[in-house]
Amino acid sequence: MFLYLTAVLSLFILILYVNFKKRYGFWKKLNVPYIHPTFPTGNVSDFLQSSIHFSYVIEKLYRKLRQNGATDYGGIYFFGNPVFLVLSPEFAKTVLVKDFQYFMDRGIYFNEKVDVLSANIFFLRGSKWKTLREKVSPTFTSGKIKQMFFLILDIGHRFQDYLMPFGNVKADIDIRDVLARFMTDVIASCAFGLDTDCINDPNSQFRKMGRKMIHFSKSKALKLIFASTFQKQATFLGIRWNDVDVSDFFINVVKDTIRYRKESGTRRNDFMQLLIDMMKDESKEKTFDDGKVTLTLEEIAAQAFVFLFAGFETSSTTMVFCLHLLAHHQDIQDQARESIKKNLAKYDGVWCFDAIMEMEFIEQIIEETLRLFPPVSDIHRWTSRDYKLPNGFVIPKEIAVIIPALAFARDPNLFPDPMKFDPSRFTQEAKAQRHPFSSIPFGEGNRRCIGMRFGMIQMILGLSLLLDKFRFSVCKKTTNPIEIDTVNLFHGPAGEVFLNIETLK
Ligand code: HEM
């Protein structure tokens, strides 16, 4: 039996070896500069061997290709699969904007048949994505966000009240935990129409499920890497992103909200209301599949779910990095506080939407934080159809493309002294001096982050409310730099992030 199994395994490895060796000629044939791969991991053995986040593996490959003289693009291998790595902001513009029709989709694995929540705007492809994006986009206009402003402000004031006793005694607090609770309440309120009050109730079911959705075990991460590499096999095996309990929980939350609003005639200024207003008339059969967009209950649940999936961790970790940086740069923190007070004074001390829109310095601080610590560290696309490279060779369709946002943002040729925290890099004048695609934390082009404006407003408001009332500084438990979680999909902190909080008189 043992001999039989060894023989089968050896044969399997041999077949895989021959197959991968053949695949490893891909970039050479297309005359694209590449890094020599090794069987079986290609160029990503670092990711499996050592404990580093995937974005640093990509950054290392980016640097190596550039050092070897590649300018606009290069080729790498992810196990047996070729991946096209973009190496310059100008070529990123070509992919994301100029030739967008060739690079419309992310090509990330999803399986809407077994996992209805994965049929959302982030994962969908081609015409399904395009139709849905057109329909959902108007929910993110300034006017609609302005209507939600007071929902966020209410939660912000509750957050200040919660922190006050800690600030009064100059306590050390885990800002990662409290900011996650703040951000969960904001997204739960705006996307799901729920008052979760995680700020005061950290054990709420909504938060538990939200956490489960994002934090993967190593085995789940490996399962999803397998699924992304072998998509047909993963579809056949019915591999899903979301665990059944997470999926059932969010679908039921949406069902209950819709039923309640319909039965009570209640309306609310939130994303959920805008999605309900697009809800499918049950007497008709049309869904966004047909080009005429109405949404089914599952489709509404999938979109609300993706606002949490894409909006929660990104925004809360950005605020964590931001406060951590400000705690190490008290001069910039003071300057930020001054700018908030000056702005508010123009509006008689009233926290209103217009005052927040004018918090330019806070915006620069957030942009600089996003440059140093982009939560989405690589932008993903794949070739939706054959694409002719500037060298005349053609990349076939369905080849993965990575635009390394973190690698650009930490490249000294694009940002001198790249690890220095310097918000003045984001004044209008400074921005005009460099390529606009040098720092792209929200992606770019038609498929860039749909929640960018909403995300910026909730972060500016949250940060301004905090800095107005409290000083944040390093304490004994503060680690510097923050350790990065190697398994998380997002580029974020590994554990607790402690800072000292002091109420200002
Ligand atoms: C700091 C905050 C945020 C960051 C850094 C961020 C970053 C990103 C990035 C890099 C992408 C991919 C863009 C591309 O491929 O070109 C993306 C997509 C997306 N984001 Fe965000 N995001 C943030 C907040 C939000 C919020 C608050 C929401 C929703 C309320 C949201 C919803 C989405 C959705 C739905 C997509 C997919 C868009 C599509 O494929 O059409 N994001 N985000």
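Indexing begins at 1, ligand by ligand and atom by atom, following the structure's order.
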>> Checking T318 against F373 for the side-chain contact (heavy atoms from CB on, under 4.5 Å) test, could you report, in this order, the C-alpha distance in whole Å, the side-chain angles of both residues, the deciding distance, and whether it holds?
In response: CA-CA 7 Å; T318 302; F373 300 102; over 6 Å; no
> Where do S88 and R66 land on the side-chain contact (heavy atoms from CB on, under 4.5 Å) test, with the steps shown first?
Replying inline: CA-CA 9 Å; S88 69; R66 298 248 15 170; 4.2 Å; yes
> Who gets closest to atom 34 (C) of ligand 1 by heavy atom: I440, I450, I379?
Replying inline: I450
> Is K113 atom NZ crowded by more than 12 heavy atoms from other residues, nucleotides or ligands, each under 6.0 Å away?
Replying inline: no
>> Is it the case that the side chain of S315 and the backbone of G455 share a donor-acceptor pair, with hydrogens and angles ignored and the cut-off at 3.5 Å?
In response: no
>> Using a 4.0 Å cutoff against the non-hydrogen atoms of Q458, which atoms of ligand 1 qualify?
In response: 27 (C)
>> Walk me through whether I108 and F122 qualify under side-chain contact (heavy atoms from CB on, under 4.5 Å).
In response: CA-CA 9 Å; I108 297 175; F122 192 88; 3.9 Å; yes
> Within the structure, does G451 bring an N/O atom to less than 3.5 angstrom of an N/O atom in ligand 1?
Replying inline: no
> For ligand 1, which atoms have a heavy atom of F454 less than 4.0 angstrom away?
Replying inline: 27 (C), 30 (C)
>> F103 and ring-ring contact (aromatic ring centres under 6.0 Å, His included): which single residue from F91, Y387, W382 fits?
In response: Y387
> Considering only heavy atoms, which of G445, G443, C449, A92 lies nearest to atom 31 (C) of ligand 1?
Replying inline: C449
>> I want to check a possible cation-pi pair here: R447 against F100, using under 6.0 Å from ring centre and within 45° of the ring axis as the test.
In response: no
> What do you reckon, does M452 put a non-hydrogen atom under 4.0 Å from ligand 1?
Replying inline: no
> Which ligand 1 atoms are under 4.0 Å away from a heavy-atom of T318?
Replying inline: 1 (C)
> Around E483, counting heavy atoms of other residues, nucleotides and ligands shown, do more than 12 lie under 6.0 Å from its CD?
Replying inline: no
> Does the cation-pi check pass for R448 over F442, that is, NZ or CZ under 6.0 Å from the six-membered ring centre and within 45° of its axis?
Replying inline: no
>> Below 4.0 Å, non-hydrogen atoms only: which portion of R447 touches ligand 1? Side chain, backbone, both or neither.
In response: both
>> Using a 6.0 Å distance limit plus a 45 degree cone around the ring axis, check whether R410 lies over the aromatic ring of F415.
In response: no
> Does Q303 have a heavy atom less than 4.0 Å from any atom of ligand 1?
Replying inline: no
>> Taking 4.0 Å as the limit for heavy-atom contacts, which would you say applies to I121 with ligand 1: side chain only, backbone only, both, or neither?
In response: both
> Is R381 near ligand 1, meaning one of its heavy atoms is under 4.0 Å from it?
Replying inline: yes
> Between H380 and ligand 1, does any nitrogen or oxygen pair lie at a separation below 3.5 Å?
Replying inline: no
> W129 near ligand 1, heavy-atom distance under 4.0 Å?
Replying inline: yes
> So which heavy atom in the protein is nearest atom 7 (C) of ligand 1, and how far is it from that ligand atom?
Replying inline: P441 O, 3.4 Å
> For ligand 1, which atoms have a heavy atom of F122 less than 4.0 angstrom away?
Replying inline: 18 (C), 36 (C), 37 (C), 40 (O)
> About how many Å separate CZ of F498 and NE2 of H324, when rounded to the nearest 0.5 Å?
Replying inline: 12.5 Å
>> Suppose we measure from atom 12 (C) of ligand 1 to each protein heavy atom; which comes out shortest, and what is that distance?
In response: R106 NH2, 3.5 Å
> What residue and heavy atom of the protein are closest to atom 1 (C) of ligand 1, and at what distance?
Replying inline: M459 CE, 3.4 Å
>> If you take the centroid of each ring, where Trp contributes its six-membered ring, are Y109 and F230 closer together than 6.0 Å?
In response: no
> Of the backbone atoms (N, CA, C, O) and the side-chain heavy atoms from C-beta on, which set of T314 has a member under 4.0 Å from an atom of ligand 1: side chain, backbone, both, or neither?
Replying inline: both
> Is it the side chain, the backbone, both or neither of M456 that has a heavy atom closer than 4.0 Å to ligand 1?
Replying inline: neither
>> Check whether S247 reaches the backbone of D243 with its side chain - one donor and one acceptor, N or O, closer than 3.5 Å.
In response: no
> Please state which protein non-hydrogen atom is closest to atom 6 (C) of ligand 1 and give its distance, to 0.1 Å?
Replying inline: F442 CD2, 3.6 Å
> Within the structure, does R133 bring an N/O atom to less than 3.5 angstrom of an N/O atom in ligand 1?
Replying inline: yes
> Should the proximity of A310 to ligand 1, defined as any heavy atom under 4.0 Å, be assigned to the side chain, the backbone, both, or neither?
Replying inline: both
> What protein heavy atom is closest to atom 26 (C) of ligand 1, reported as residue, atom name and distance in Å?
Replying inline: G311 CA, 3.4 Å
>> Could you tell me, atom by atom, which parts of ligand 1 come under 4.0 Å of a heavy atom of E444?
In response: 16 (O)
> What's the verdict on side-chain contact (heavy atoms from CB on, under 4.5 Å) for T71 and L87, showing C-alpha distance, side-chain angles and the deciding distance?
Replying inline: CA-CA 6 Å; T71 49; L87 299 178; over 6 Å; no
